[in-house]
Amino acid sequence: MGTHSQFQTTVPPTPEALTVPFFDLRRQYRAIHDEIDRAIAGVLEQGIFVGEPYVSRFEHQFAAYVGADYCVGLSSGTSALELTLRALGVGSGDEVIVPVNTFIATAEAVLAVGATPVFADICDTSYNLDPDDVLGRLTARTKAIIVVDLYGQPADLDIVAGIAASRGLVMIEDACQAHGATFGDRRVGSISRATCFSFYPSKNLGAYGEGGAVTTNDAALADKLKLLRDHGSSSKYRHEAPGYNHRLHALQAAVLSIKLAHLDDWIDRRRRIAAQYDRLLAGSSVVTPQERPGRQHSYHLYVVRVAGRDSVQKRLAAAGVSTGIHYPIPLHLQPAMSSFDYAKGDFPRAEACASTILSLPIFPELRTYEVEYVAEQLMRSLGRSE
Ligand SMILES: Cc1ncc(COP(=O)(O)O)c(C=O)c1O
């Protein structure tokens with residue numbers, strides 16, 4: 001681990017002048033611009049924008065980082081999920097269990113392959129898929145379970161894997177928010193049959209555009225994904241099956257190779273910020289995130305729960321603090337899912353979370369005084385001194 005001097009600045013502005021962004025990628029770029037500029041110039045000079053050598057180099061590096069045999073670079077986290085479902089034979093007539101609190105892409109991938117997403121409720125302490133609720137949603141048509149490591153904390157991967165194995169189902173892990181998180185002594189990406197990642201710019205490991213990957217120890221699955229991402233092509237202009245254009249771009253792969261070398265430092269810094277928030281908010285009515293034993297949360301998001309969330313969020317905005325909500329509408333209540341006949345009240349824990357959760361600013365370059373300011377303003381915005 002390196003030092004964190006790049007994350008600190010000297011003189012904090014006066015409180016009146018202070019605004020705290022939810023995240024700010026410019027700070028990250030400023031800290032590593034020499035390396036990034038060199039890498040981008042290298043790609044431009046070589047004039048190679050798709051495939052070798054940049055994509056395969058990053059794939060090897062990322063597979064080694066997570067501890068998997070294979071990594072297949074793709075165009076986004078959404079395409080990683082969709083192609084994985086397709087490669088594993090999930091399609092029309094199949095049901096796929098999906099947590100009801102996740103980014104919509106998890107369910108969209110299921111729809112894209114012609115299968116039906118079946119939602120399951122979440123645990124209200126980890127915000128991840130509740131394995132007990134999964135048991136009640138299984139039917140003869142269930143083919144797969146997508147487990148999401150939401151906010152950067154691994155879900156109950158062992159328990160869900162046990163359910164999947166006992167029913168002959170496929171478990172796919174959506175780790176689009178959990179690069180670098182660990183479960184026991186293993187990194188996310190080395191545990192499930194297929195783990196899907198997003199390199200959307202704001203992720204813990206983000207490209208300068210779209211990107212994604214699947215990691216796996218299954219050679220046949222990796223080969224299938226490589227075919228699917230590139231028009232079903234096994235060699236130039238020979239197409240084994242209809243496929244897609246879902247390739248990772250060389251420029252993005254070159255950027256990701258540079259950033260991967262910083263990822264552990266960045267996660268370490270995120271964890272320190274989370275610990276600082278935990279300390280500053282201790283004893284208040286703010287419910288802080290709970291890291292489950294044996295897991296390392298990578299704190300893509302630091303999500304608290306507060307009563308009167310909407311007015312708290314407004315007061316924070318007035319004090320210059322940007323926050324987020326991940327997510328304000330559970331998937332079963334999204335207009336996009338209205339054909340599935342769910343109703344308000346179907347997923348009480350997810351619904352209770354949706355109205356109380358608030359994501360505070362967290363990114364490696366966030367300064368200590370900014371974290372203090374956010375915590376102080378949050379306490380004030382609760383409407384009483386605690
Ligand atoms: C949990 C989850 N799944 C899937 C995705 C989709 O990834 P992408 O935006 O790269 O398609 C995201 C990205 O925000 C995500 O957070």
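Both counts, for ligands and for their atoms, begin at 1 and track the order of listing. Please read all numbers here as calculations on a predicted model, not as lab measurements. In what follows, every heavy atom counts, from backbone to side chain, and hydrogens, waters and symmetry copies are set aside.
- Legend: ring pair (Phe, Tyr, Trp, His ring centres under 6.0 Å) pairs involving residues 126-172, not counting sequence neighbours, sorted by first then second residue: Y127-Y151.
- Aromatic ring centroids of Y277 and Y299 lie 6.0 Å or more apart.
- Ion pairing of R238 with E240 is present here, as a side-chain N (NZ or NE/NH1/NH2) and a carboxylate O approach within less than 4.0 Å.
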Can you pull every nitrogen or oxygen pair between ligand 1 and the protein closer than 3.5 angstrom?
{"from": "ligand 1", "atom 1": "3 (N)", "to": "D174", "atom 2": "OD1", "distance (Å)": "3.3"}
{"from": "ligand 1", "atom 1": "3 (N)", "to": "D174", "atom 2": "OD2", "distance (Å)": "2.8"}
{"from": "ligand 1", "atom 1": "7 (O)", "to": "S198", "atom 2": "OG", "distance (Å)": "3.4"}
{"from": "ligand 1", "atom 1": "10 (O)", "to": "G77", "atom 2": "N", "distance (Å)": "2.8"}
{"from": "ligand 1", "atom 1": "10 (O)", "to": "S198", "atom 2": "OG", "distance (Å)": "2.6"}
{"from": "ligand 1", "atom 1": "11 (O)", "to": "G77", "atom 2": "N", "distance (Å)": "3.3"}
{"from": "ligand 1", "atom 1": "11 (O)", "to": "T78", "atom 2": "N", "distance (Å)": "2.9"}
{"from": "ligand 1", "atom 1": "11 (O)", "to": "T78", "atom 2": "OG1", "distance (Å)": "2.5"}
{"from": "ligand 1", "atom 1": "14 (O)", "to": "K203", "atom 2": "NZ", "distance (Å)": "2.7"}
{"from": "ligand 1", "atom 1": "16 (O)", "to": "Q177", "atom 2": "NE2", "distance (Å)": "2.9"}
{"from": "ligand 1", "atom 1": "16 (O)", "to": "K203", "atom 2": "NZ", "distance (Å)": "3.1"}

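- In terms of the side-chain hydrogen bond (donor to acceptor under 3.5 Å, both in side chains) criterion, residue partners of D278 (sequence neighbours excluded) are, by chain and number, Y302.
- Shown here are the side chain to side chain contact (heavy atoms under 4.5 Å, CB included) partners of A68, two or more places apart in sequence or in another chain: V66, T215, N217.
- For the salt bridge (Lys or Arg N to Asp or Glu O under 4.0 Å) test with R349, the passing option among D132, D130, D124 is D130; the others fail.
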